[in-house]
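Keep in mind it's a predicted model, so treat the numbers as computed, not measured.
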Amino acid sequence: MKIVIDAKIPYIRDAISNITDNAVYLNGMDIRPEDVHDANALIVRTRTHCNEALLGGSKVRFVATATIGYDHIDTDYMQRAGIEWMNCPGCNSSSVAQYIRSVLILLKREKKATLKGMTIGIVGCGNVGTKVASVASDFGMKVLVCDPPRKDRGDVGRFVEMTDIAIESDIITFHVPLTKHGKYATFHLADSEFFSHLQRHPIIINTSRGGVVDNDALLKAIISDKVHDVVIDTWENEPTINLDLLEKVWLGTPHIAGYSADGKVNADNMVLEGLCRHFGIENCPHVEPPSLPDSFVPSDKAETLCLQLYNPHDDSMKLKNSPEKFEQLRNNYPLRRETYSRALPYDL
């Protein structure tokens with residue numbers, strides 16, 4: 001069995017070697033039709049567009065993306081072609097929640113924000129948004145949730161409209177997939193009209209997909225002082241991002257909010273399980289995240305330990321200093337753990 005795999009998917013190689021001796025690792029942006037023509041399976045990240053142009057006439061019958069998002073997969077074509085595909089919902093939800101937790105701690109420490117009693121508007125409350133709501137509650141924040149699909153399904157919970165989010169929130173954070181069509185389309189969900197309704201000079205955070213927030217409209221909102229601060233991890237037109245926007249945001253990171261080792265391993269294992277299930281492979285191999293180096297000395301203060309494990313300033317500084325290295329920073333991301341396994345008193 002031949003499997004073509006994005007070379008930047010970490011930790012998976014040993015496990016794949018237990019499944020096949022014909023695995024080909026390529027740069028995700030460089031995978032071409034001739035690379036997959038005789039392959040049985042394709043494992044990618046967001047940079048590989050899986051459509052008829054790539055897969056037409058190939059032997060590929062299974063496609064997995066080791067990511068939550070799947071807007072790079074032409075699902076209609078997959079159905080027509082009889083190709084099974086999968087994404088990894090929830091794989092890095094804890095990693096994104098860690099990112100948001102660290103941002104909130106920095107707001108307390110650097111911006112002197114009193115989080116307790118502030119209102120956070122969460123747009124999208126699936127795997128990620130639910131964990132972010134829990135993080136916000138830990139800080140004593142009032143949580144507003146806008147999630148029309150859940151509301152229409154009759155899910156338990158109090159859901160508000162986007163206008164309520166705009167009017168009542170001190171912090172607004174986006175956790176939705178990118179969709180351009182249909183009743184629940186999210187493309188430019190935060191546009192100039194949305195920003196015109198802002199009442200409380202909020203902090204805007206986007207860790208979902210770049211196109212969810214109209215970056216030009218956001219830049220105008222910053223310039224016109226409609227927002228207080230901005231934290232952006234996902235950008236329109238990545239990796240060629242708006243440099244004027246990057247200059248003005250408080251924290252700007254290169255689409256790595258979900259890049260903890262724990263999240264990557266979760267995705268690896270979900271992909272491996274899907275691959276083995278599809279091809280009827282028994283004794284599916286699994287992977288474990290690497291440990292932090294022994295030199296790591298944890299703080300005995302929970303918030304300080306959170307920032308030791310992950311501080312968004314590090315990634316923001318690297319991107320602001322070298323925005324042309326956006327893809328390099330993603331593809332060569334250092335080890336980041338969500339927890340410190342030897343710090344038994346702490347459960348973060």
Side-chain angles (χ1 to χ4, degrees), residues 29 45-47 49 67-72 96 99-100 103 106-107 120-124 128-129 132 146 162-163 165-167 169-182 184-259 312-313 315-331:
M29 296 183 73
R45 301 184 304 158
T46 58
R47 292 303 192 245
H49 293 283
T67 60
I68 293 177
Y70 57 89
D71 45 288
H72 54 295
V96 178
Y99 182 101
I100 299 296
V103 167
L106 289 174
L107 281 172
I120 185 168
I122 299 175
V123 182
V128 177
V132 170
C146 177
M162 281 293 287
T163 50
I165 294 287
I167 292 170
S169 301
D170 301 296
I171 298 173
I172 301 172
T173 181
F174 294 88
H175 303 286
V176 297
L178 178 62
T179 54
K180 295 187 176 182
H181 307 287
Y184 305 118
T186 61
F187 178 71
H188 284 187
L189 189 61
D191 57 9
S192 57
E193 181 180 359
F194 172 78
F195 291 121
S196 72
H197 292 295
L198 299 180
Q199 296 292 315
R200 306 186 69 166
H201 201 53
I203 294 159
I204 303 293
I205 304 172
N206 186 21
T207 58
S208 57
R209 283 292 185 266
V212 170
V213 175
D214 182 335
N215 283 196
D216 291 337
L218 176 59
L219 180 58
K220 290 177 182 177
I222 296 172
I223 294 171
S224 62
D225 203 31
K226 293 290 290 184
V227 300
H228 186 272
D229 275 306
V230 174
V231 177
I232 297 293
D233 180 60
T234 51
W235 308 73
E236 289 197 275
N237 304 313
E238 295 176 9
T240 309
I241 64 175
N242 187 323
L243 298 183
D244 292 331
L245 180 59
L246 175 63
E247 181 183 355
K248 290 188 178 298
V249 301
W250 174 41
L251 297 171
T253 54
H255 200 156
I256 47 70
Y259 265 35
H313 266 311
D315 289 320
S316 183
M317 179 180 66
K318 291 174 184 176
L319 181 61
K320 289 192 173 193
N321 286 342
S322 303
E324 76 282 359
K325 294 181 178 179
F326 192 101
E327 284 296 282
Q328 270 184 260
L329 294 171
R330 295 187 83 219
N331 291 336

Go through it in stages, so that I can follow the logic: the residues are Ile171 and His228, the test is side chain to side chain contact (heavy atoms under 4.5 Å, CB included), and I'd like the CA-CA distance, side-chain angles, deciding distance and then a yes or no.
CA-CA 9 Å; Ile171 298 173; His228 186 272; over 6 Å; no
Could you go through the side chain to side chain contact (heavy atoms under 4.5 Å, CB included) check for Leu319 and Trp235 one step at a time?
CA-CA 12 Å; Leu319 181 61; Trp235 308 73; 4.2 Å; yes
Thr253 and Tyr99: CA distance, side-chain angles, deciding distance, side chain to side chain contact (heavy atoms under 4.5 Å, CB included) verdict
CA-CA 11 Å; Thr253 54; Tyr99 182 101; 2.8 Å; yes
Between Thr46 and Arg330, does a side chain to side chain contact (heavy atoms under 4.5 Å, CB included) hold up when you go through it step by step?
CA-CA 12 Å; Thr46 58; Arg330 295 187 83 219; 4.0 Å; yes
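Across every non-hydrogen atom of Gln199 and Ile167, the tightest pair is CB-O, 3.4 Å. Taking each heavy atom of Asn242 and Asp216 in turn, the nearest pair found is ND2-OD1, 3.5 Å. Between Ser208 and His175, the closest heavy-atom pair is CB-CA, 3.9 Å. Ser192 and Ala217 make their closest contact through N-CB, 3.6 Å (heavy atoms, listed as atom of the first residue, atom of the second, distance).
Of the possible polar contacts, one joining the Lys320 side chain to the Val249 backbone as a donor-acceptor pair under 3.5 Å is found. Between the Ser224 side chain and the Lys220 main chain, a donor and an acceptor come within less than 3.5 Å of each other. Remark: the backbone N or O of Arg45 is not paired with any side-chain donor or acceptor of Thr67 at under 3.5 angstrom. A donor-acceptor contact shorter than 3.5 Å links the side chain of Thr186 to the backbone of Thr179.
Between the CG atom of Asp233 and the CG atom of Asp315 there is a distance of 8.0 Å, given to the nearest 0.5 Å. Here the OG atom belonging to Ser316 is positioned 7.0 Å from the CG atom belonging to Leu246, to the nearest 0.5 angstrom. Taking CD1 from Ile241 and OG1 from Thr234, the interatomic distance works out to 11.0 Å, rounded to the nearest 0.5 Å. The OG1 atom of Thr207 sits 4.5 Å away from the CD1 atom of Ile100 when rounded to the nearest 0.5 Å. To the nearest 0.5 Å, atom CG of residue Asp214 and atom CG of residue Leu189 are 11.0 Å apart. Here Arg209 contributes atom CZ and Glu236 contributes atom CD; the two are 13.0 Å apart, rounded to the nearest 0.5 Å.
Using a 4.5 Å heavy-atom cutoff, the side chains of Thr173 and Val231 are not in contact. No side-chain heavy atom of Lys248 sits under 4.5 Å from any side-chain heavy atom of Val230. Two residues are said to be in side-chain contact when any heavy atoms from C-beta on lie closer than 4.5 Å; Leu106 and Leu251 meet this criterion. Contact check for Leu329 versus Ile256: no side-chain heavy atoms found under the 4.5 Å cut-off. The side-chain heavy atoms of Leu218 and Phe195, taken from C-beta on, include a pair separated by under 4.5 Å. Taking the side chain as every heavy atom from C-beta outward, Trp250 and Val103 approach each other to under 4.5 Å. Looking at heavy atoms from C-beta onward, Ile172 lies in side-chain contact with Leu198 at the 4.5 angstrom threshold.
For the side chain to side chain contact (heavy atoms under 4.5 Å, CB included) with Ile223, the lone residue among Val227, Asp225, Leu219 that qualifies is Leu219.
With sequence neighbours left out, the ring pair (Phe, Tyr, Trp, His ring centres under 6.0 Å) criterion links Tyr259 to Tyr333.
Enclosure of atom CZ in Phe326 by more than 12 non-hydrogen atoms of other residues, nucleotides or ligands within 6.0 angstrom is indicated.
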